[in-house]
Number of protein chains: 2
Amino acid sequence: MTKRLVPATPATLDETDRALLAALAADARQPVSELARRVGLSAPSTAERVRRLEAQGVIERFTVQIDPRALGFTLQAIVRVKPLPGQLHLVEDVIRRIPEFVECDKVTGDDCFICRLYLHSIEQLDEILSKVTERAETSTAIVKSTPVARRLPPLG
Amino acid sequence: MTKRLVPATPATLDETDRALLAALAADARQPVSELARRVGLSAPSTAERVRRLEAQGVIERFTVQIDPRALGFTLQAIVRVKPLPGQLHLVEDVIRRIPEFVECDKVTGDDCFICRLYLHSIEQLDEILSKVTERAETSTAIVKSTPVARRLPPLG
DNA sequence: AATGAAAGCTCTTAGAC
DNA sequence: GTCTAAGAGCTTTCATT
């Protein structure tokens, strides 16, 4: 697997690149030969474009989307975290080390962190948040449904 | 590509399945032969397990993680959206139709929706939110960094 | 459920435009 | 940057345990 060489800020993507990205987003495991058919190029050219997109850092990684329920995670919560004075870095470390926090962004405004938490049960919420509440105020919202599941932004 | 047959709530995953999922999460495009080496099975068995995980709905899809900056999205925002009375469904539709909203969860509590928004510039924030603010109160936080990028929850 | 061997595809490399 | 062609490598099928 070719690895990122550049931090990828400017990247000139033509129509073929965009079509490739869209096709890969829909099914990352489809063979190069099929990708090639979709974008109207030969297999070698297609393979090289995919490698180039990886090397440029446009493609960060090929991955799999797993249904959390299949792993026993029946609940999802969005937690806003406001560290107590002087606890910011420690709070960040604590979050990073709890694997049930599957995502965390540091944001502007009163709440410093906004995180997504996977839970096996509602009881587990207290269990996990207790590790954070020593050092931060938290505000939790339970996910009832997901009107928009992670999708690609407009490629145009 | 085999498609989901069951809503996947109970799924008995053994150690090999978990190892497979972890390997696929790290690189979804690696060949079955390599996956087979990693989990210590033959290629045919490995291929069948991957198909089974897809059919069970454990694997939702194979996809690609793209650097938003490569597409010109230099900013990310987390927007909390509280629809005005009677506007809930319309607000949900509006969000769904704006492709820059790359993710949206409906949650318990005062703010009905929590969404992730990709932006080309700070000016675009007003432009996009103006389509929502006719029907909802919004509260926006700009992402400064991402201490935890989307990761797999614990497979144990 | 898993394996090994063989047939059939797919990927990559090489050389040319 | 792209193509065709051919060898290398991968995936799948099937008979077997």
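Predicted model only: the values in this text are computed from it and were never measured. Note: hydrogens, waters and symmetry copies are ignored here, and every other heavy atom, side chains too, is used. Per chain, numbering begins at 1; letters A, B, ... match sequence-line order.
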Undergrad: I'd like to know if A:E103 pairs up with A:R150 as an ion pair, taking the criterion as any Lys NZ or Arg NE/NH1/NH2 lying under 4.0 Å from an Asp or Glu carboxylate oxygen.
TA: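 Counted as a salt bridge, because a side-chain N and a carboxylate O are separated by less than 4.0 Å.
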Undergrad: Would you call A:R49 and A:L41 a side-chain contact if the rule is heavy atoms closer than 4.5 Å?
TA: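 A side-chain contact under 4.5 Å exists here.
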Undergrad: Between B:R80 and B:D110, is there a side-chain N and carboxylate O pair less than 4.0 Å apart?
TA: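 Salt bridge absent between B:R80 and B:D110.
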Undergrad: Considering only heavy atoms, which members of residues 30-38 of chain A lie under 4.0 Å from some atom of DNA chain C?
TA: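 Per residue number, the list reads A:P31, A:V32, A:S33.
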Undergrad: Please report, rounded to the nearest Å, how far the P atom of C:dA2 is from the CD atom of B:E15.
TA: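 After rounding, the reported distance stands at 14 Å.
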Undergrad: Taking OP1 and OP2 of D:dT12, is either one under 4.0 Å from a side-chain nitrogen or oxygen of B:R51?
TA: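 Checking B:R51 against D:dT12: at least one side-chain N or O falls below 4.0 Å of OP1 or OP2.
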Undergrad: Just wondering, do B:V81 and B:V132 contact through their side chains at under 4.5 Å, heavy atoms?
TA: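 SC-SC contact between B:V132 and B:V81 confirmed.
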Undergrad: Should the pair B:E92-B:R97 be classified as a salt bridge under the 4.0 Å nitrogen-to-oxygen rule?
TA: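 Looking at B:E92 and B:R97, the cut-off is not met.
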Undergrad: Reckon B:R49 touches a base, only the sugar-phosphate, or nothing at all at heavy-atom distances under 4.0 Å?
TA: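 The answer is sugar-phosphate, as B:R49 gets under 4.0 Å only of primed atoms, P, OP1 or OP2.
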Undergrad: What's the CD-P distance between B:E48 and C:dT3, to the nearest Å?
TA: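 Rounding to the nearest Å, CD of B:E48 and P of C:dT3 are 11 Å apart.
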Undergrad: So, OP1 or OP2 of D:dG1: does either fall under 4.0 Å of a side-chain N or O from A:S45?
TA: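 Result: no.
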Undergrad: Can you check the A:L41 CG to D:dT2 P distance for me, whole Å?
TA: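 That distance rounds to 5 Å.
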Undergrad: Tell me which of B:D14 and B:R29 sits closer to the 5' end of DNA chain C, going by the nucleotide each one is nearest to.
TA: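 Of the two residues, B:D14 wins.
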Undergrad: Would you call A:E48 and A:R52 a salt bridge, taking side-chain N to carboxylate O under 4.0 Å as the test?
TA: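 Looking at A:R52 together with A:E48, the answer is no, because their closest N to O distance does not fall below 4.0 Å.
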